[in-house]
Structure formats: structure tokens, C-alpha cells
Enquirer: 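I have a structure here, written as C-alpha cells, and I will follow up with some questions on it.
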Amino acid sequence: MLDTPMRLTTLLAIATVLVLIALLLDYLHILRRPWRPALALAIATILVGTYLTLNAVLPTSSFYGPVIYQGSQSDKVVALTFDDGPNPPYTLQLLDILAKYDVKATFFFIGQNAENYPEAAKAIAQKGHLIGSHTYTHSDLLKLDEAQIAAEMAKSVEVIGNATGTRPKLLRPPHGFRDPLVLQLAKEQKLAIVQWSVMAEDWKKPGTEVIADRILGECFETPVYCGH
Ligand SMILES: [Zn+2]
């Protein structure tokens, strides 16, 4: 147990128990003098819990371990990444646009999709795009146990490797969620965690103009954040 890296859920469970005990002590007027230390402990624990959670869900945080979320700061480059595919016919339409502008991107495949659409997966890889894993079923890794997380990674790597002929070396956890155990297991499977610095939120279907504004606005108005 102690050899296993901590889970966020475990830390939050401990924090919740601590908060409840502290609030109870305060309510029962135990530890109330001279300045209500139990209540102060409860508030401090809530703040620590919030901090630990934010660092597990914010894409650019390296609090639990290194993640890649932007490229070189000195070169004027952006890295385009697309998640959740392959989803024919849309992913293949995207390939035509990328080819038209001679742009290479990185696609983070869901293993199940690569398994369902191996031809599409292969076509994307053959066009010279980089392929990463986005787990096998797109599950929230914070809610899975160690064996399930390891299987999500290993199975996706296997089916993507079978479809494309190349074993992926990059992993984007679904929603970017990770904790110490997720990072440890990714390391064991030789997968580097890749996050992002700008998000289009295109799945909310806001329209192409809004999507372009989000990407271009954030990239060009806040260049440091965007890896320019
Ligand atoms: Zn996703």
C-alpha cells in the first residue's frame, strides 16, 4: 500500500474526515480556546483539498509530476492536437484540410475507436501525423483503480500499435485528469503525459468563428501561455 503512489481520492477522503472531526470538535466547544484551532484546521484542510484537486485537473500543472503542455518558448510554433478519434468521416475530412496547408498534427486516439476504425487510424498515421493514446475507453482515470488504469493504458497502446504499426509514446489522460498513481503508471509504460495550453471547446459546438477566436485569440494575445 505504501509503495503505491497516493490517489487524489484517498487524499480527499482523509481531508474530509479531518474536516468533519475538526468541525465536530469546534461544535462541541472542545479545542475552542483561545482562538478556535479546530475550526482553523477545518478551513486549512478544505483549502489544501481544493489545491490538490486543482492540480489534478488543471492541464498545465506539474505539481504531481512533469507534463508537457506547450512547445519551445523561443520558436514561433504551435502544436495542433486532436482528441477522441478516429471518428470517420470527420477525422478524414480533417486530414484533407491539414494536407492542404501542409500541417502535421498529433492525434490522441481512444483505443476503442482505433479498434473500431483501424483503417482510419492507419490512414492518419500514414499521412505523417503523430499518434498518441487517449486511453482505451476515455474513462476518468481518477476514478479507476491501479489495475484498471494500467489496463486502459496498455490496451490502448496495443490496439493503436496494431492499427498504425507504431507504438504510441504519448498519453493524454481523458479531461487531462491525473494524480500521482496515474503519472507513475504512465511512466512505467513509457508514456509521456501531454496536456494543452489552449482549448477550443469545439464539442460544445459554438460555431467555427468562436472556435477560431478561442485558438487565435489566446495564442496571439497571450503568447507566453501559448508556447509562441
Ligand atoms: Zn477526450
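First listed ligand is number 1; within each ligand, the first listed atom is number 1.
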Enquirer: Parallel, tilted or perpendicular: which fits the ring planes of Phe177 and His175, with parallel below 30° and perpendicular above 60°?
Expert: tilted
Enquirer: With rounding to the nearest 0.5 angstrom, report the CG to OG1 distance, Leu52 to Thr9.
Expert: 11.5 Å
Enquirer: Relative to the Zn ion (ligand 1), how many protein N, O or S atoms have a separation of less than 2.8 Å?
Expert: 3
Enquirer: Apart from Phe108 itself, what residues make up its hydrophobic cluster, given side-chain heavy atom links below 4.5 Å?
Expert: Ile68, Leu130, Leu170, Val194
Enquirer: I need the single residue from Gln112, Glu115, Glu152 that forms a side chain to side chain donor-acceptor pair (under 3.5 Å) with Tyr136. Which is it?
Expert: Glu115
Enquirer: For Lys204 and Glu201: C-alpha separation, side-chain torsions, deciding distance, then whether salt bridge (Lys or Arg N to Asp or Glu O under 4.0 Å) applies.
Expert: CA-CA 6 Å; Lys204 293 179 185 167; Glu201 296 186 39; 2.5 Å; yes
Enquirer: Quick check for you: to the nearest 0.5 Å, what is the distance between Leu41 atom CG and Leu23 atom CG?
Expert: 9.0 Å
